[in-house]
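First listed ligand is number 1; within each ligand, the first listed atom is number 1.
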Amino acid sequence: MDIVAVVGSGLIGRSWAMVFISGGYNVKLYDNQPGQAAKAITEIRKQLDELEEAHMLRGQLKASQQHALLSSHDDLAQALEGAFFVQECVFEQLEVKQSVFRDIECLVGEDVILSSSTSCLVPSNVFSKVQNRSRCLVSHPVNPPYYVKLVELVPHPETAAVVMDTARTFMTKVGQVPVCLRKEIDGFALNRVQAAIIAESWRLVQDGIISVQDIDLVMSEGLGMRYAFIGPMETMHLNAPDGLVDYMKRYGEGIRRVLASFGPVPEFSGESAKSVVKEMYELIPNDGQHLSARIARRDQLLMSLAKLKEEH
Ligand code: NAD
């Protein structure tokens, strides 16, 4: 019961592998590009050593012990042998995922849990070629899962409750923070909330109300300060002397008025998008050097925040 198969060894497959071994599980990593999984393991080992050096390695085991839990496979059947949980991390293309799960189902027992990392596809589409869908779910991570621990567990309409429970227990055991959706919905929860924030931020900039730099500060220095620790529901509950009902009595009408004034869904392209994009590129030039420096900064900050959250 301690073997997990990870199918697809790109960015997310590697991250999941690191999370699972940090919890002491054996991970068998497979990729359909020969040699790719082995290359991924070399990269993971390097990262584990760096994390250990920075005192950021997750779990109770040393980097060398975590190395020993990893193996790479170019053969799918071999990778799946003995696994109780399969985490699929292949390209975000429906047909690719459908065919991968059809292949996997033919090679594993009935009780093996089949889990997809998809960000944008609903389980009823991803698993439509699987015969026994009661053991299928989406486990949607947030990039990079090693520091951002949320994982959305999304059931197929036929997923058994016990499968959701097992997935939740497993994810908790490896140090992630699982949330369970009660039924599938396009965008799940995280991307729906994110889309709402993106849409209004974009409209405010496009309509000349605020600059790109300042709307980002609204999040990073304002809302984001709270949201790293308490969500919007608790925020409302705490922001009026007598709790949520009191908050809605005081502010509900204003919120409804503002919501009713929201504009249409932005195009995000064409003429109307040009000035928004220009402003962003002036702040952070769109070349590899600037972008990778900002990504490194983001990951470093997330690492520090993860550490801070652990202390609270
Ligand atoms: P990626 O392109 O980095 O990696 C995909 C890997 O899958 C590649 O190594 C490829 O060789 C392999 N692959 C392709 N077809 C395969 C097959 N048939 N069998 C086995 N391996 C196969 O992609 P990624 O960013 O790691 O994304 C993987 C999944 O995770 C996607 O569904 C994506 O939506 C989801 N996801 C990505 C992010 C993100 O920020 N990148 C966040 C959350 C979820």
Of the choices [options], which has the non-hydrogen atom that lies closest to [atom]?
{"atom": "atom 15 (N) of ligand 1", "options": "Val138, Leu121, Asn32, Asn143", "answer": "Asn32"}
{"atom": "atom 10 (C) of ligand 1", "options": "Val100, Leu190, Asp31, Val142", "answer": "Asp31"}
{"atom": "atom 6 (C) of ligand 1", "options": "Gly10, Ala40, Pro145", "answer": "Gly10"}
{"atom": "atom 29 (C) of ligand 1", "options": "Thr118, Val90, Val6, Asp74", "answer": "Val90"}

For atom 43 (C) of ligand 1, closest protein heavy-atom neighbour: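 Result for atom 43 (C) of ligand 1: Pro141 O, 3.3 Å.
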Shortest protein heavy-atom distance from atom 35 (C) of ligand 1, along with the residue and atom involved: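 Result: Ser117 O, 3.3 Å.
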Phe127 and His156 aromatic ring geometry - parallel, tilted or perpendicular at 30°/60° bounds: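 His156 vs Phe127 ring planes: perpendicular.
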Trp16 and Phe20 aromatic ring geometry - parallel, tilted or perpendicular at 30°/60° bounds: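 Parallel: the ring planes of Phe20 and Trp16 meet at under 30°.
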Lys129 to Phe101, cation-pi by 6.0 Å centre distance and 45° axis angle: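 No, a cation-pi geometry is absent between Lys129 and Phe101.
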Any Lys97 heavy atom less than 4.0 Å from ligand 1: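 Right, Lys97 reaches ligand 1.
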Per-atom contact, atom 23 (O) of ligand 1, protein heavy atoms, under 4.0 angstrom: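 No, no protein heavy atom sits under 4.0 Å from atom 23 (O) of ligand 1.
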Sub-4.0 Å atoms of ligand 1 with respect to non-hydrogen atoms of [X]:
{"X": "Gln33", "result": "11 (O)"}
{"X": "Cys89", "result": "5 (C), 6 (C), 7 (O), 28 (C)"}
{"X": "Leu11", "result": "3 (O), 25 (O), 26 (O), 41 (N)"}
{"X": "Ser119", "result": "33 (C), 34 (O), 35 (C), 36 (N), 37 (C), 43 (C), 44 (C)"}

Nitrogen or oxygen atoms of Ile12 and ligand 1 under 3.5 Å apart: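 Indeed, backbone or side chain, Ile12 has an N or O that close.
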Heavy-atom side-chain contact between Leu153 and Phe188 under 4.5 Å: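 Counting from C-beta outward, Leu153 and Phe188 never come under 4.5 Å.
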Side chain proximity check, Val151 to Val177, heavy atoms < 4.5 angstrom: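 When only atoms from C-beta onward are counted, Val177 and Val151 do not touch, as no gap falls below 4.5 Å.
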Option from Arg133, Lys183, Arg135 for which salt bridge (Lys or Arg N to Asp or Glu O under 4.0 Å) with Glu158 holds: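 Passing option: Arg133.
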Glu110 and Asn132: side chain donor to acceptor below 3.5 Å: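 A donor-acceptor contact under 3.5 Å links the two side chains.
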Separation of Tyr30 OH from Ser72 OG (nearest 0.5 Å):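 One finds 12.5 Å between OG of Ser72 and OH of Tyr30.
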Glu50/Arg45 salt bridge by N-O under 4.0 Å criterion: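 Result for this pair is no, no salt bridge flagged.
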